[in-house]
Protein chains: 2
Amino acid sequence: MRVLAFLDGTLANPETPHIRVDDLGLMRGDGVFETILVVDGEPRELRPHLDRLARSASMLDLPEPDDEAWQHVVAQVIDNWPGGHEFALKLVYTRGVEGDPEARPTAFALGMTIDEKVTRARAEGVSVVTLERGIDPGLAERSPWLLLGAKSLSYSINMAAGREAARRGANDVIFLATDGSVLEGPTSNVVIAQGRTLLTPPATIGILPGTTQAAVFRGAERAGWSTKIEPLHADDLRAADGVFLASSVRKLTRVHTLDGQPLRDASEIHAELAEAYENVYA
Amino acid sequence: MRVLAFLDGTLANPETPHIRVDDLGLMRGDGVFETILVVDGEPRELRPHLDRLARSASMLDLPEPDDEAWQHVVAQVIDNWPGGHEFALKLVYTRGVEGDPEARPTAFALGMTIDEKVTRARAEGVSVVTLERGIDPGLAERSPWLLLGAKSLSYSINMAAGREAARRGANDVIFLATDGSVLEGPTSNVVIAQGRTLLTPPATIGILPGTTQAAVFRGAERAGWSTKIEPLHADDLRAADGVFLASSVRKLTRVHTLDGQPLRDASEIHAELAEAYENVYA
């Protein structure tokens with residue numbers, strides 16, 4: 001099921017075409033997006049998602065998104081969602097039609113049913129392979145034109161990494177920097193547990209600042225955990241008491257297998273953190 | 001002016017929407033493309049372009065493109081082009097609609113008027129800045145999931161680099177690897193002249209194999225030049241007798257300024273090579 005609304009407030013049929021072939025979002029992957037989890041009519045982390053949309057847009061030199069209009073269109077899709085109690089809400093914002101002198105961005109919100117694979121990953125956890133991302137942790141700050149840490153529509157590498165994982169019999173990926181630093185998943189942030197401390201790498205190393213990771217950290221802190229944002233090394237993954245991927249739609253997903261080797265059982269930690277995360281919205 | 005035909009042979013109005021919002025080409029930059037120069041009804045380097053489309057598609061695990069259908073649609077757009085004696089012909093091939101069980105690719109050819117900026121660059125040359133690309137020359141072979149050397153729709157970095165060049169008062173970019181190796185431009189290959197030898201870096205270092213670069217080399221060889229495909233270092237640019245960017249629509253463009261410093265005048269070499277290139281199609 002899909003529900004589509006454009007930023008101007010027009011509801012539209014998602015199964016008919018609405019995008020010109022010469023939209024730069026299509027032609028050049030030139031635009032940004034967000035994916036928001038909506039549960040029982042409430043968009044989770046809406047403020048951080050809209051802030052990150054604005055941050056990505058700024059990194060791509062796109063016009064500043066109209067925050068109020070986005071809030072309105074989010075509410076509109078939610079009001080028109082006829083499906084189950086949760087869905088994924090995608091916000092897409094492109095540079096618009098190539099060569100258009102007015103250069104009006106294309107902007108829409110699309111509600112989408114959550115895939116069964118996602119529900120399974122939440123319950124059962126995932127197996128992950130580490131893959132080289134080929135960048136060093138200082139690159140993002142040195143070379144902003146590489147758009148590291150922007151949630152751009154140019155996600156073909158992220159998709160290709162997922163297919164590489166499948167070829168290796170795994171469900172997902174953790175990207176490593178050239179020095180072995182832990183970066184992120186193709187569509188998630190990496191969180192590890194060391195005793196009663198949660199850790200995640202800083203966004204400055206060229207990764208997306210995590211909205212769900214931040215929510216998990218808030219929930220965990222309220223439940224008595226410590227949290228740290230600091231560089232992690234690949235070795236820290238195997239040594240951790242728990243390894244997790246945080247993403248809006250999959251929430252906090254437990255990694256049970258890394259590069260073909262089982263990790264220590266973090267089911268109980270996961271259950272506790274998952275509850276702490278849900279309590280953020282209770 | 002724009003002329004649009006879909007791979008199934010349907011001509012369509014390019015100014016109306018034809019693409020669904022949930023096309024993976026838009027949502028994820030998940031697809032490949034080519035841009036072909038058409039002069040007096042002849043598509044230049046059509047065979048290499050279609051071969052490269054197939055190569056890119058294979059790197060992205062897309063279904064093998066239907067070569068005959070692409071040849072047909074290229075001819076169709078050319079037959080229907082009502083404009084001037086040359087135009088740019090874009091081929092676009094995406095993974096199709098997200099979650100579609102049939103997963104039929106979206107495929108179309110779009111003829112587009114050539115921008116005045118391009119004509120100016122051909123005549124006057126361009127100023128270029130070198131920008132870090134953040135990868136090492138061995139990465140492409142080690143890590144195929146990074147899609148280095150695939151002409152994917154995920155081109156937002158290429159576009160961002162162009163804007164960075166503009167901020168620095170330049171027209172274009174040459175990307176450098178972490179070790180100072182010359183890579184490519186965001187939409188071109190780099191060619192240098194050393195005496196009567198033309199050089200360009202090998203595609204194996206993670207760059208696009210150049211269709212226009214190859215045509216220039218063919219033409220130059222017929223005109224008595226030697227050609228070499230070998231790694232080049234940033235220092236080779238300033239030391240060269242001529243530095244050029246090769247791309248389908250801009251042809252062989254002379255670089256007159258590098259990082260704000262004028263390069264030695266290569267106007268005569270450029271004129272000779274431009275003629276050698278045109279003779280390929282005479």
Side-chain angles (χ1 to χ4, degrees), chain A residues 2 4 12 14-33 59-61 90 92 94-95 98-99 106 108 110 112-113 115 131-136 139 142-148 150 152-165 173 178 206, chain B residues 2 4 12 14-33 59-61 90 92 94-95 98-99 106 108 110 112-113 115 131-136 139 142-148 150 152-165 173 178 206:
Chain A
R2 287 180 195 187
L4 170 63
E15 297 188 0
T16 59
H18 298 283
I19 305 294
R20 285 175 55 150
V21 294
D22 47 7
D23 193 291
L24 287 161
L26 176 68
M27 283 289 195
R28 301 291 195 180
D30 199 2
V32 297
F33 76 103
M59 291 174 76
L60 268 76
D61 302 309
K90 206 147 182 171
V92 175
T94 89
R95 203 175 302 277
E98 186 168 3
T106 300
F108 61 84
L110 179 67
M112 304 173 87
T113 309
D115 200 272
L131 291 181
E132 184 178 17
R133 183 66 182 77
I135 61 169
D136 73 80
L139 184 62
R142 287 199 311 278
S143 304
W145 51 86
L146 299 176
L147 305 181
L148 293 164
S152 89
L153 294 172
S154 289
Y155 250 46
S156 62
I157 292 175
N158 306 252
M159 301 296 104
R163 292 191 299 275
E164 178 67 18
V173 170
T178 46
Chain B
R2 288 177 194 188
L4 170 64
E15 297 187 359
T16 58
H18 298 282
I19 305 295
R20 285 175 54 151
V21 294
D22 48 6
D23 193 291
L24 287 161
L26 175 67
M27 283 288 196
R28 301 292 195 179
D30 198 3
V32 298
F33 76 103
M59 291 173 77
L60 269 74
D61 302 308
K90 206 147 182 172
V92 175
T94 89
R95 203 176 301 276
E98 184 168 3
T106 300
F108 61 85
L110 178 68
M112 302 171 88
T113 309
D115 199 273
L131 291 182
E132 185 177 16
R133 183 66 181 79
I135 61 170
D136 72 81
L139 184 63
R142 286 199 313 277
S143 304
W145 51 85
L146 298 177
L147 305 180
L148 294 164
S152 88
L153 295 172
S154 290
Y155 250 45
S156 62
I157 292 176
N158 307 250
M159 302 295 103
R163 292 191 299 274
E164 177 68 18
V173 169
T178 46

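Sequence lines set the chain letters: A, B, ... in the order given, protein chains first and strands last, and positions in each chain run from 1. What you are looking at is a predicted structure, and each value in this text was computed from that prediction instead of being measured.
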Practice task
Please flag which part of A:Val92 lies under 4.5 Å from any non-hydrogen atom of chain B: side chain, backbone, both or neither.
Solution key: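 For A:Val92, the side chain is the part near chain B, not the backbone.
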Just so I understand: if I count every heavy-atom pair under 4.5 Å between each of [options] and chain B, which residue has the most?
options: A:Ser154, A:Ser152, A:Gly162; result: A:Ser154
options: A:Met159, A:Glu164, A:Met27, A:Arg163; result: A:Arg163
options: A:Leu60, A:Asp115, A:Thr106, A:Leu110; result: A:Leu60
options: A:Thr16, A:Ile135, A:Leu146; result: A:Leu146
options: A:Phe33, A:Tyr155, A:Trp145; result: A:Trp145
options: A:Asp30, A:Leu148, A:Asp61, A:Leu139; result: A:Asp61

Report task. Please state whether the side chain, the backbone, both or neither of B:Thr113 comes within less than 4.5 Å of a heavy atom of chain A. Result ->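 Neither part.
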Counting only non-hydrogen atoms closer than 4.5 Å, does B:Arg133 touch chain A with its backbone (N, CA, C, O), its side chain (CB onward), both, or neither?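 Both the backbone and the side chain of B:Arg133 come within 4.5 Å of chain A.
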Quick one: OG1 on B:Thr178 to CG on A:Asp136, what's the gap to the nearest 0.5 Å?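 Those atoms lie 8.0 Å apart.
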message: According to side-chain contact (heavy atoms from CB on, under 4.5 Å), who are the partners of B:Ala161, at least two apart in sequence or on a separate chain?
response: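 B:Ala161 satisfies side-chain contact (heavy atoms from CB on, under 4.5 Å) with B:Leu131, B:Val173, B:Phe175, B:Pro186 once adjacent residues are dropped.
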Heavy-atom closest contact (B:His18 atom, A:Pro17 atom, distance) =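 Minimum heavy-atom contact is C-CB, 3.2 Å.
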Applying salt bridge (Lys or Arg N to Asp or Glu O under 4.0 Å), which residue pairs with at least one partner in residues 16-29 of chain A are found, sequence neighbours left out?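 Salt bridge (Lys or Arg N to Asp or Glu O under 4.0 Å) check on residues 16-29 of chain A returns A:Arg20-A:Asp22, A:Asp22-B:Arg2.
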Looking at chain A, which one of B:Leu153, B:Thr94, B:Leu147 has the largest number of heavy-atom pairs inside 4.5 Å, strictly under?
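Looking at each option in turn, the highest pair count goes to B:Leu153.
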### Task
For the residue pair B:Val21 and A:Lys90, establish whether any side-chain heavy-atom pair is separated by less than 4.5 Å.
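With C-beta onward as the side chain, the pair stays apart.
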